[in-house]
Amino acid sequence: MDEIKRLQEEFARAQMSGSMARLSERNCVEVIMMLQKFGLIELLYTMDGKQYLTPAQLQTDIRNEIAYRGGRVNVVELHEVVNVDLTVVQNSISAMLKSDGQLTLVQGDLIDRSYIEGLAVEANDMLQEAGYLSISELCNTFDLPFDFLLEKLEPMVGNVLKGQMDRSDNGAIYTDAFVARQTARLLGVFSAITRPTPLSSLLMRFPFHQQLFRTELDRLIADGQLPGKLQGRGEKAEYVPNIQQKTQDRWIEAFYRGNQYVEYDAVERLGIRKPKSRLKSMFPDGCSLETCIVGPVIVENVNESIELALKDGLYVDIMTLLPSPCMAQDAEALISKSTAFKKSGASRILCDSVVCSEGFVTSCGDVFKDLMSNKAKEVAVATAAQGVAARAPVESGNSAVPESDAPTSKRDKRKDKKKKGADTDKVSSGGGSKGGASSVSGEQQWVFMSLDEVEAVLKEKVEGCSPEMHTELAGVLHRQLSARFQEYVREAFRGGVTAADRRETSTSLANEYTNTYLHSRLCQAGIEQLEGDVVAGLVKYLLKDLGAKLLNILVKVQAQESYVNCPTGEMTTAQRKAVVAEIPSDSREPLLRLEGLLNEKAVDAFLNPLEDIAENFGFRVKRSDKKRDKRLAFEHRARLQEQLSGLTEPSAVLLLVTVLKFQAETGCVLHAQGRSVSAIIAYLEKTKAWQDTDLASVLEYQRKVMAKLTSKDALAEEDVISDGETTALKALVARPTPKE
């Protein structure tokens, strides 16, 4: 720096010296450029290039210009004033902004702190004059951005700006006096309101400040200073004073207590926008319907009436129990909520409001019994006279189908029932008075009465019902009567066998099949304990006896479903084959297959296919159940012992004693005949089931039985079997053994 000062002094002396020592302007420029080149000085050029100034001088000029213009100057105008290039001015301003926090560059304007303070003072004057000031208004006035003004003025609220700021209203500033005036005005106007009034009309009528209006109104209502509430939103919002609501509530409650109902339309006429929710909140014990809300007394009355009608087998019209404004959908709603209706599985709704017991419907259907019986007999006689087959068509669901369409399993029946039930609706009602037969999609259907004829009979026989109820009852009964008439016709063909008899027979056959099948499986386990030639004989005997019995049961079931005549007792092979020949083909083929399997040499060869075929016919038995099998074996043994106690024939006694001893020894049931006794005794002798003395007695008794069976002459004295020997033999299985 000393060197620079020395050079400056020399430069000054040179300029002050005579002309012979002065430098030309060009030399001065060259000297300055040389000093800048070596970095000894830093100078800035003016735009005309005739003057130099230092960066510090430029900043000083800028600050002077800002102060001269009141704290705010445009950068573009500034570079023209200081006569320096715009880029140089911008760089200098950037350096000033970094070092001086009092300066701010906003939208090309350089603003000093003093300008903001002056702006705040001016804004406060505007605020005090108007009572309200918005930042947006200041933005327009001072041409500054909203965020900048909000940031700078917010800390001054309460100090320079004498008021309060509402950030929810875009930074609006109010004076306390202005807020107090608005609050007083709100209290005055809203305290005078006695009925629901839209807020929009109040804003148009009174000079409320729109932004402050809703904020202060909500606060006054929340603080309890205004006795009322707001309903609705936006432009549809309205103020409802408590006095109006209390008046409405008193009227509604008085009407409800006196009549046990309130109509929604009546409540809406009071000016209540949502009457349903309002009434529900007022009367939580009431039942909300489509047109009104009804009290618990009406609901209980309806429930008791339904319960009584269903208990007595009658009907009740709910509309007669409801207030006059109620409609059919209200009756339906009350019926659906009735506990008596829900608990009752035998009820239906007619005409939307009539709860009818199934007993009443049945009693209406009973009116047609004599008509159906007589007409069924006429149909049977007429059919026989026309040469139609006397055997009724196969029954399935509500329709009669040809023999070839009989289902072979319950699953098939269910499918056919759905299809045929739908087809029943298509049956022609023409010729009903003659009891004729119609054909729909190849299915035969005997027609009882047309829908109009059923309705006419109901009007004549069932009194006290409305015409609409007669019509709906006819629609309900028509299909039932048609299905029942088919049964009457079949009974006429079969000579009076009822559906109840058929169900009882089916149940009996099902039980017999289950017991015989399980017994066969137990006997199979007993056969598997033996070896040798006796096994084949026992298998053959089991299939010819129990296997044939199982097959007979299946044949009887299919014969009953196909309406084929079948012997009621045991059937011989010839009888069984004759019945099978009459059964429809889809059921006949499995039965013929089982017929051939009766000659198999293994029990499973018959029983396993039997299981699959029987399941298709509707019989299914759980194969493995140890507790059940143990119980059945015990019951079988008890039956054999009871049978043995009454026997005197020696050969039969020997067979039962042998079989019982086999079951006691192995725990397995055995289905055997007399010729297998020797092999069974040999097995028991091998397993040491008897003591030596007992075995000797059995063998001696067997010898005498064989002698009696084979001898043609009189028996020798030693071959005669005494009663004492028979009693002693029975005692061998009467007393327990160690294994028992």
Discussion item. Please check: side-chain N/O of His671 versus main-chain N/O of Gln524, any donor-acceptor pairing under 3.5 Å?
Written reply: no
Worksheet item: Within a reach of under 6.0 Å around CG of Asp366, are more than 12 heavy atoms found that belong to other residues, nucleotides or ligands?
Response: yes
Fill in: Any side-chain heavy-atom pair of Arg576 and Asn552 under 4.5 Å
yes
Discussion item. Return the NZ to CG distance between Lys688 and Leu695, rounded to the nearest 0.5 Å.
Written reply: 9.5 Å
Worksheet item: Distance from Glu635 atom CD to Arg639 atom CZ, nearest 0.5 Å?
Response: 6.5 Å
Worksheet item: What's the verdict on side-chain contact (heavy atoms from CB on, under 4.5 Å) for Thr648 and Val653, showing C-alpha distance, side-chain angles and the deciding distance?
Response: CA-CA 7 Å; Thr648 57; Val653 170; over 6 Å; no
Worksheet item: Do Val367 and Leu458 have side-chain heavy atoms sitting under 4.5 Å apart?
Response: no
Discussion item. Are more than 12 heavy atoms, taken from residues, nucleotides or ligands other than Lys601, located less than 6.0 Å from that residue's NZ atom?
Written reply: no
Worksheet entry | Closest heavy-atom pair and its distance - Val580, Arg588 | O-CG, 3.3 Å
Practice prompt. Of all the heavy-atom pairs spanning Met449 and Phe368, show the shortest one and how long it is.
Written response: SD-CE2, 3.9 Å
Practice prompt. Taking atom types as modelled, find out whether Lys544 and Asn599 have a side-chain donor-acceptor pair closer than 3.5 angstrom.
Written response: yes
Practice prompt. Decide, yes or no, whether a salt bridge links Glu589 with Arg593 under the criterion of side-chain N to carboxylate O below 4.0 Å.
Written response: no
Practice prompt. May I have the step-by-step check of side-chain contact (heavy atoms from CB on, under 4.5 Å) for Lys661 and Leu732, ending in yes or no?
Written response: CA-CA 8 Å; Lys661 189 62 181 179; Leu732 294 180; over 6 Å; no
Fill in: Exceeds 12 heavy-atom contacts within 6.0 angstrom, atom CD of Glu649
yes
Worksheet item: Distance from Glu642 atom CD to Leu656 atom CG, nearest 0.5 Å?
Response: 12.0 Å
Item to complete: State the CG-CD1 distance between Leu594 and Ile613, to the nearest 0.5 angstrom.
Response: 3.5 Å
Discussion item. If you define the side chain from C-beta out and look only at heavy atoms, does anything of Leu610 sit under 4.5 Å from Tyr513?
Written reply: yes
Worksheet entry | Atom pair CG (Leu670) and CG (Leu542), whose distance is rounded to the nearest 0.5 Å | 9.0 Å
Discussion item. If you define the side chain from C-beta out and look only at heavy atoms, does anything of Leu551 sit under 4.5 Å from Glu595?
Written reply: yes
Worksheet entry | Gln529 side chain near Phe662 side chain, heavy-atom distance below 4.5 Å | yes
Worksheet item: Taking all non-hydrogen atoms of both residues, which atom of Glu570 and which atom of Gln575 are closest, and how far apart?
Response: O-OE1, 3.8 Å
Discussion item. Tell me if the CZ atom of Arg675 is crowded by more than 12 foreign heavy atoms within 6.0 Å.
Written reply: no
Worksheet item: Are Leu591 and Phe617 close enough, and set up right, to give a side-chain contact (heavy atoms from CB on, under 4.5 Å), and what steps lead you there?
Response: CA-CA 11 Å; Leu591 296 175; Phe617 288 167; 3.7 Å; yes
Worksheet item: OG1 of Thr572 to NZ of Lys577: how many Å apart, nearest 0.5 Å?
Response: 10.0 Å
Discussion item. Would you say that Leu477 contacts Gln480 through its side chain, given a criterion of any heavy-atom pair below 4.5 Å between the two side chains?
Written reply: yes
Worksheet item: Do Ser587 and Gln558 get their side chains close enough for a donor-acceptor pair, meaning under 3.5 Å?
Response: yes
Discussion item. Are the side chains of Leu522 and His636 in contact, using a 4.5 Å heavy-atom criterion?
Written reply: no
Worksheet entry | Main-chain N/O of Leu597 paired to Glu600 side chain as donor or acceptor, under 3.5 Å | no
Worksheet item: Do you know the tightest heavy-atom contact between Ile583 and Val555?
Response: CD1-O, 4.0 Å
Discussion item. Minimum heavy-atom separation for Cys364 and Val462, please, with both atom names.
Written reply: SG-CG2, 3.9 Å
Discussion item. I'd like to know if Arg703 and Glu700 make a salt bridge, using a cut-off of under 4.0 Å between side-chain N and carboxylate O.
Written reply: yes
Worksheet, complete the sentence: Closest non-hydrogen contact found for Pro650 with Val705 is CB-CG2, 3.9 Å
Worksheet entry | Heavy-atom donor-acceptor pair, Ser520 side chain to Thr516 backbone, under 3.5 Å | yes
Worksheet entry | Check: Val534 and Tyr683 side chains under 4.5 Å, non-hydrogen atoms | no
